[in-house]
Amino acid sequence: MLPRDHAPSSDVDGAIVCTQQVEADPVHAFEVFTERLGDWWDPRLTADPSTFEGADVEEVEGGAVVLHHDGEDYPIGQVTEWTTGERFSMTFHLSLPRDHPTELVVDFEPVDDGTLVTLTHDGWNPDNVARRSKFSEWPHLLARFAAVAED
């Protein structure tokens, strides 16, 4: 069995890869990751934690992923794949230039004790790689996600 969570690592292409084992089936884990993003996203990782009101993910390819602050919607990407219980992916431009987003891919793999969730943050290029170091909080966010999924 894999350890409960792993620190981020970089592969040869520069992707940030993190894993988290969740004591929930893949469909439930997927639904919590997507439909309850606002429940596990850390407000401290937004522009203004005091005005954070939640987040939404549209359940279709091409759908918007948005954070809500003080009654306003702030898009942070678009859904590029929605395969319930298996894979979710999106473009991602939070803290990045909007015209040079990265890609976030989350895979849900059934294991004996639940689901192994693997998050891969990739798509780094000369126009956005300078901000790559800002994305060290994925293990923290995945731990928050696991706590909500296991509740």
Side-chain angles (χ1 to χ4, degrees), residues 1-47 49 52-69 73-96 98 100-125 128-129 131-151:
M1 181 166 102
L2 292 171
R4 185 155 174 77
D5 60 331
H6 302 270
S9 63
S10 297
D11 67 14
V12 294
D13 297 324
I16 298 169
V17 180
C18 304
T19 59
Q20 176 75 48
Q21 187 163 333
V22 179
E23 294 177 8
D25 68 81
V27 170
H28 179 73
F30 181 95
E31 289 171 347
V32 169
F33 193 92
T34 56
E35 297 167 23
R36 296 183 60 194
L37 174 64
D39 292 344
W40 59 264
W41 190 267
D42 191 336
R44 295 176 299 157
L45 302 177
T46 67
F52 181 69
E53 297 171 336
D56 287 307
V57 179
E58 290 183 49
E59 299 180 18
V60 296
E61 290 182 20
V65 180
V66 297
L67 300 179
H68 306 291
H69 281 275
D73 292 344
Y74 295 91
I76 62 170
Q78 286 189 308
V79 176
T80 55
E81 183 173 350
W82 185 284
T83 307
T84 302
E86 295 178 25
R87 176 175 273 190
F88 168 78
S89 66
M90 64 180 280
T91 61
F92 191 73
H93 57 75
L94 180 67
S95 299
L96 294 165
R98 282 188 162 216
H100 297 287
T102 53
E103 181 179 36
L104 202 63
V105 177
V106 186
D107 290 304
F108 301 83
E109 178 184 346
V111 294
D112 288 342
D113 296 335
T115 303
L116 180 64
V117 177
T118 302
L119 180 145
T120 305
H121 188 175
D122 204 358
W124 304 103
N125 62 54
N128 63 25
V129 74
R131 296 198 180 162
R132 185 181 180 283
S133 64
K134 295 179 72 105
F135 296 93
S136 62
E137 295 292 336
W138 287 122
H140 165 69
L141 288 170
L142 287 177
R144 289 174 60 95
F145 150 72
V148 173
E150 295 171 359
D151 189 24

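For clarity, every value in this text was computed on a predicted model and none was experimentally measured. Heavy-atom basis, side chains included; hydrogens, waters and symmetry copies ignored. All residue numbers refer to positions in the sequence shown, counting from 1.
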Starting at CG of L116, measure out to OG1 of T19 and round the result to the nearest 0.5 Å. 5.5 Å

Could you go through R144 and D42, starting from their C-alpha distance and side-chain angles, then the distance that decides it, and tell me whether this counts as side-chain contact (heavy atoms from CB on, under 4.5 Å)? CA-CA 8 Å; R144 289 174 60 95; D42 191 336; 3.7 Å; yes

Checking N128 side chain against H100 main chain: does a donor-acceptor pair fall under 3.5 Å? yes

Check whether more than 12 heavy atoms from other residues, nucleotides or ligands sit under 6.0 Å from atom CG of N125, and answer yes or no. yes

pair V57-V79: side-chain heavy atoms closer than 4.5 Å: yes

Interatomic distance, R87 atom CZ to E109 atom CD [nearest 0.5 angstrom]: 11.5 Å

Measure the spacing between OG of S95 and CZ of R132 and express it to the nearest 0.5 Å. 14.5 Å

Distance alone, cut at 3.5 Å: any donor-acceptor contact between the side chains of H93 and T102? no

pair C18-H121: side-chain heavy atoms closer than 4.5 Å: no

Are the side chain of E150 and the backbone of E23 linked by a donor-acceptor contact shorter than 3.5 Å? yes

Side-chain contact, heavy-atom cut-off 4.5 Å: R36 with V148? yes

Whether the R44 and H140 side chains hold a donor-acceptor pair (N or O, under 3.5 Å, no angle test) is what I'd like checked. yes

Atom pair CZ (F108) and CD (E31), whose distance is rounded to the nearest 0.5 Å: 10.0 Å

Test side-chain contact (heavy atoms from CB on, under 4.5 Å) on L67 and L94; report intermediate values, then the result. CA-CA 10 Å; L67 300 179; L94 180 67; 4.1 Å; yes

Quick one: are L141 and L45 in side-chain contact, heavy atoms under 4.5 Å? yes

Distance-minimising heavy-atom pair for P75 and V66: CA-CG1, 3.7 Å

Looking only at the aromatic ring of each residue, does the gap between the centers of F30 and W82 stay below 6.0 angstrom? yes

What one should report as the nearest heavy-atom pair of A149 and H28 is O-NE2, 3.0 Å

What closest approach, in Å, do M90 and G77 show between heavy atoms, and which atom pair accounts for it? CE-CA, 4.0 Å

Do T80 and E61 make a side-chain contact, defined as non-hydrogen atoms from C-beta onward lying under 4.5 Å apart? no

Measure across V27 and D25 and return the closest heavy-atom pair with its distance rounded to 0.1 Å. N-OD1, 3.0 Å

Could you tell me how the ring of W41 sits relative to the ring of F92: parallel (under 30°), tilted (30 to 60°) or perpendicular (over 60°)? tilted

How about E59 and E35: do any of their side-chain heavy atoms sit closer than 4.5 Å? yes

Just by distance, do the side chain of T115 and the backbone of P110 share a donor-acceptor pair under 3.5 Å? no

Could you go through F33 and L142, starting from their C-alpha distance and side-chain angles, then the distance that decides it, and tell me whether this counts as side-chain contact (heavy atoms from CB on, under 4.5 Å)? CA-CA 9 Å; F33 193 92; L142 287 177; 4.2 Å; yes

When you look at L37 and V65, which way does the side-chain contact (heavy atoms from CB on, under 4.5 Å) test go after all the steps? CA-CA 9 Å; L37 174 64; V65 180; 4.0 Å; yes

OG1 of T34 to CD of E58, rounded to nearest 0.5 Å, is 12.5 Å

Measure centre to centre between the rings of F135 and W124, then say whether the value is under 6.0 Å. yes

Nearest-0.5 Å distance that lies between atom OG1 in T46 and atom NE2 in H68: 12.5 Å

Do V106 and V117 come within less than 4.5 Å of each other through their side chains, counting heavy atoms only? yes

Does one side chain, of T83 or E81, offer a donor that lies under 3.5 Å from an acceptor on the other? yes

